[in-house]
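Encoded as structure tokens, the structure appears first; notes follow it.
Worth knowing before you read on, the calculation uses all heavy atoms, side chains too, and leaves out hydrogens, waters and symmetry mates.
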Amino acid sequence: MNRRDLGLLVLRVGTGAVLAAHGTQKLLGWFGGGGIEGTAHAMEAMGFHPARESAVAAGLGEAGGGVLLALGLATPAAGAAAAGAMAGAVSVHAPAGFFAQGGGYEYPAFLGFTAAAIGVTGAGRYSLDHATGHVLDRPWVVATAFLATAVAAAAVVGRRAQARAAAAAGGEEPGDDH
């Protein structure tokens, strides 16, 4: 048994399970989550528009990316999707500083960096990517997935920042513009 591949399996399954659980809170209301409606309401309050679509995208990035990471299937796309979702979460928590105990971005940053590292590294031998001959784990997939995610995350986070700045300039609370 190869220790590197076994380590990647443990890291993938653990990280993927955490992300999947977090995403199903958003999508399905599992584990005490708000489901789509509750998450959409929260997204609206945080300045993400359109709120429902933002809730679905965040939930799918976390749950879908997490499940795929755990399975080691389409690992570059899974890691990129999860990292992109975590970039949005980091933008929400950044004003509170780094440490999670103060509401900071430590936890989503860690999940995002871990998902990205797995996506770049690959799933290892004990994965569906390996079993399928790495059809969905080619260098062009890594580049495309991370480029697309970076562009999308920058657009979403940038749009949120602009909306929040405009609301602040107009004396409104974020989320009051609808």
Side-chain angles (χ1 to χ4, degrees), residues 5 8-44 46 48-93 105 107-160:
D5 291 314
L8 282 170
L9 173 66
V10 171
L11 185 61
R12 274 194 358 259
V13 171
T15 303
V18 169
L19 285 162
H22 198 65
T24 59
Q25 288 181 305
K26 289 177 175 64
L27 294 174
L28 305 170
W30 292 0
F31 310 113
I36 292 294
E37 294 309 314
T39 303
H41 181 71
M43 290 289 199
E44 178 81 22
M46 290 183 275
F48 289 100
H49 302 285
R52 183 174 178 81
E53 289 81 353
S54 296
V56 170
L60 288 175
E62 293 170 9
V67 168
L68 291 172
L69 280 175
L71 295 172
L73 180 63
T75 304
M86 291 299 100
V90 165
S91 76
V92 169
H93 292 278
Y105 63 92
Y107 181 64
F110 179 75
L111 285 174
F113 283 123
T114 303
I118 296 167
V120 170
T121 301
R125 262 188 247 165
Y126 310 125
S127 68
L128 290 178
D129 277 340
H130 183 76
T132 60
H134 299 278
V135 173
L136 300 172
D137 183 16
R138 304 266 189 230
W140 69 268
V141 176
V142 175
T144 303
F146 279 94
L147 179 62
T149 296
V151 169
V156 168
V157 170
R159 184 174 172 185
R160 175 181 177 263

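The OG1 atom of Thr15 sits 14.0 Å away from the CZ atom of Phe113 when rounded to the nearest 0.5 Å. To the nearest 0.5 Å, atoms CG (Leu128) and NE2 (His134) are separated by 11.0 Å. Rounding to the nearest 0.5 Å places CG of Leu73 at 6.5 Å from OG1 of Thr132.
The minimum heavy-atom distance linking Gly112 with Ala83 is given by the pair O-CB, 3.6 Å. The two residues His93 and Pro108 make their nearest non-hydrogen contact at CD2-CG, 4.1 Å. What you find for Gly79 and Leu69 is that their closest heavy atoms are N-CD2, 3.9 Å. Residue Ala87 comes nearest to Ala153 through the heavy atom pair CB-CB, 4.1 Å, listed as atom of the first residue, atom of the second, then distance. Smallest separation of non-hydrogen atoms from Gly66 and Leu19: CA-CB, 3.8 Å. The minimum heavy-atom distance between Ala55 and Ala40, with the atom names listed, is CB-N, 3.7 Å.
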Chi angles and distances behind the side-chain contact (heavy atoms from CB on, under 4.5 Å) call for Val141, Leu136: CA-CA 7 Å; Val141 176; Leu136 300 172; 5.6 Å; no
Verdict with reasoning, His49 to Arg160, per side-chain contact (heavy atoms from CB on, under 4.5 Å): CA-CA 7 Å; His49 302 285; Arg160 175 181 177 263; over 6 Å; no
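Residues passing the salt bridge (charged side-chain N to carboxylate O under 4.0 Å, His left out) test with Glu53: none are found, sequence neighbours excluded. Listed by chain and number, the residues in a salt bridge (charged side-chain N to carboxylate O under 4.0 Å, His left out) with Arg159 amount to none (sequence neighbours excluded).
Note on residues 139-153: no pairs pass side-chain hydrogen bond (donor to acceptor under 3.5 Å, both in side chains), not counting sequence neighbours. Within the structure, side-chain hydrogen bond (donor to acceptor under 3.5 Å, both in side chains) pairs that include any residue of residues 18-29 comprise His22-Gln25, His22-Lys26, Lys26-Glu62 (at least two apart or interchain). Sorted by first and then second residue, the pairs that involve residues 66-82 and meet side-chain hydrogen bond (donor to acceptor under 3.5 Å, both in side chains), not counting sequence neighbours, are Thr75-Asp129.
In this structure the side chain of Val18 reaches within 4.5 angstrom of the side chain of Tyr107, judged on heavy atoms.
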Pairs of donor and acceptor atoms involving the side chains of residues 117-126, under 3.5 Å and at least two apart or interchain, shall be tabulated with distances.
unit_1 : atom_1 : unit_2 : atom_2 : d
Thr121 : OG1    : Ala117 : O      : 2.7
Arg125 : NE     : Asp5   : OD2    : 3.1
Tyr126 : OH     : Asn2   : N      : 3.3

